[in-house]
Protein chains: 2
Amino acid sequence: MRIGEVARRSGVSVRALRYYEEQGLLTPDRGPGGQREYAEGAVDRVRVFQQLYAAGLSSSRIAELIPCIDTDTTTAHQRAMLAAERARVRERIDQLTATLARLDDLIEAADNRRA
Amino acid sequence: MRIGEVARRSGVSVRALRYYEEQGLLTPDRGPGGQREYAEGAVDRVRVFQQLYAAGLSSSRIAELIPCIDTDTTTAHQRAMLAAERARVRERIDQLTATLARLDDLIEAADNRRA
DNA sequence: CTTGAACCTGACGTCAGCGGTAGGTTTTAG
DNA sequence: CTAAAACCTACCGCTGACGTCAGGTTCAAG
């Protein structure tokens, strides 16, 4: 599969895919003409990357997590990182939930003043 | 209250406070020597700003919301914006919750492989 | 009255995750 | 065989929320 198809199927830009490679997240093979050749699983992996990016993880963090995704062994360090990132996401959710409540207050107050 | 104290009490940098002013979020008075003089409520307002920034709102969005915070009337436009931002935060929470589940999967898998 | 902390105004630097462009090569369709 | 679509590398640009000087002013303490 070439880069354009991966882009279409995963919903990210070609540029983004090359960027991911630059960051060490993807290392596709190269065809005889030098073009990138992606394995089937690439599309799913890109989707995972997008999800982790959306969760606020940096490229380097995601790179560190890759062995947890596709190897058979995990080191203590990797497990600790997973736990740490989980905690971060958890905190973020809690914080956003608080913000949501704050916005609800503002909305309620605004509605009252309209009446 | 001068800028340094506001910074300490609100937990942001002096630079950030000047930036907020640049963005129209804060408009402190000026003392005779040209120094910024903040009212008591400034600290709380800065905390609200931080919360909204953390929720992914931009400076200009926050600036638009300010009238909802401290005036007595709100326009339909402002109420619509509040609702839209609320929806955005809600979506973000849902997405993060999905990511959390994903991380939990990874963690469980990692733990199994360790055993 | 001096000195050092805190303040002021520019203005440039940073970082991340790409977007966009230039200039050239490879692949595919007809 | 040709033309266009898709690909390549290399590089500069962008945005947002500040960090970080530089060079000068003001304030509080002794």
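Computed from a predicted structure; not experimentally measured. The chains referred to below are lettered A, B, ... by the order of the sequence lines, with proteins before strands, and numbering in each begins at 1.
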Between [N] ([atom2]) and [X] ([atom1]): distance, integer Å:
X: B/Arg15; N: C/dA11; atom1: CZ; atom2: P; value: 13 Å
X: B/Leu17; N: D/dG19; atom1: CG; atom2: P; value: 10 Å
X: B/Glu21; N: C/dT9; atom1: CD; atom2: P; value: 7 Å
X: B/Glu22; N: D/dC18; atom1: CD; atom2: P; value: 12 Å
X: A/Phe49; N: C/dG17; atom1: CZ; atom2: P; value: 13 Å
X: B/Met1; N: C/dC7; atom1: CE; atom2: C1'; value: 16 Å
X: B/Leu57; N: D/dG16; atom1: CG; atom2: P; value: 13 Å
X: B/Leu25; N: D/dG16; atom1: CG; atom2: P; value: 13 Å

If only side-chain N and O atoms of [X] are considered, is one of them under 4.0 Å from the OP1 or OP2 phosphate oxygen of [N]?
X: A/Arg30; N: C/dT25; answer: no
X: B/Ser13; N: D/dG19; answer: yes
X: B/Ser58; N: D/dA17; answer: no
X: B/Tyr19; N: D/dA17; answer: yes
X: A/Ser59; N: C/dG17; answer: yes
X: A/Arg18; N: D/dC8; answer: yes

Pick base, sugar-phosphate or nothing for [X], based on heavy-atom distances below 4.0 Å to the nucleic acid.
X: B/Arg61; value: nothing
X: B/Arg36; value: sugar-phosphate
X: A/Arg8; value: nothing
X: B/Ile62; value: nothing
X: B/Tyr20; value: sugar-phosphate

#### Entry: Letter per nucleotide, 5' to 3', of nucleotides 21-30 of chain D [B base touched, S only sugar-phosphate touched, - untouched; heavy atoms, 4.0 Å]
-----SS---

### Query
If you find the nucleotide of DNA chain C closest to A/Gln50 and the one closest to B/Glu37, which residue's nucleotide is nearer the 5' end?
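Its nucleotide being nearer the 5' end, the pick is B/Glu37.
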
### Message
What I want to check is whether the side chains of A/Tyr53 and A/Ser58 have a donor and an acceptor closer together than 3.5 Å.
### Response
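A/Tyr53 vs A/Ser58: no donor-acceptor pair found between side chains.
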
### Message
Show, in sequence, the C-alpha distance, side-chain angles and deciding distance for B/Arg61 and B/Glu64, and conclude whether the salt bridge (charged side-chain N to carboxylate O under 4.0 Å, His left out) test is met.
### Response
CA-CA 5 Å; B/Arg61 280 314 211 183; B/Glu64 291 187 69; 3.5 Å; yes

With a 4.5 Å cut-off on side-chain heavy atoms, are [Y] and [X] touching?
X: A/Leu17; Y: A/Tyr38; result: yes
X: A/Leu65; Y: A/Gln78; result: no
X: B/Ser10; Y: B/Phe49; result: no

### Message
Going by the rule side-chain hydrogen bond (donor to acceptor under 3.5 Å, both in side chains), which residues pair with A/Arg45 if we only count those two or more places apart in sequence or in a different chain?
### Response
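With sequence neighbours excluded, A/Arg45 shows a side-chain hydrogen bond (donor to acceptor under 3.5 Å, both in side chains) to A/Asp70, given in chain and number order.
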
### Task
Rounded to the nearest 0.5 Å, what's the gap from CZ on A/Arg30 to CD on A/Gln35? Could you check?
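Rounded to the nearest 0.5 Å, the CZ-CD separation comes out at 9.5 Å.
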
### From A/Glu37 atom CD to A/Ile3 atom CD1, the distance as rounded to the nearest 0.5 Å
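These two atoms lie 11.0 Å from each other.
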
### Task
Could you check B/Tyr53 against A/Glu5 and say which one's nearest nucleotide on DNA chain D is further toward the 5' end?
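Its nearest nucleotide lies further toward 5', so the answer is A/Glu5.
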
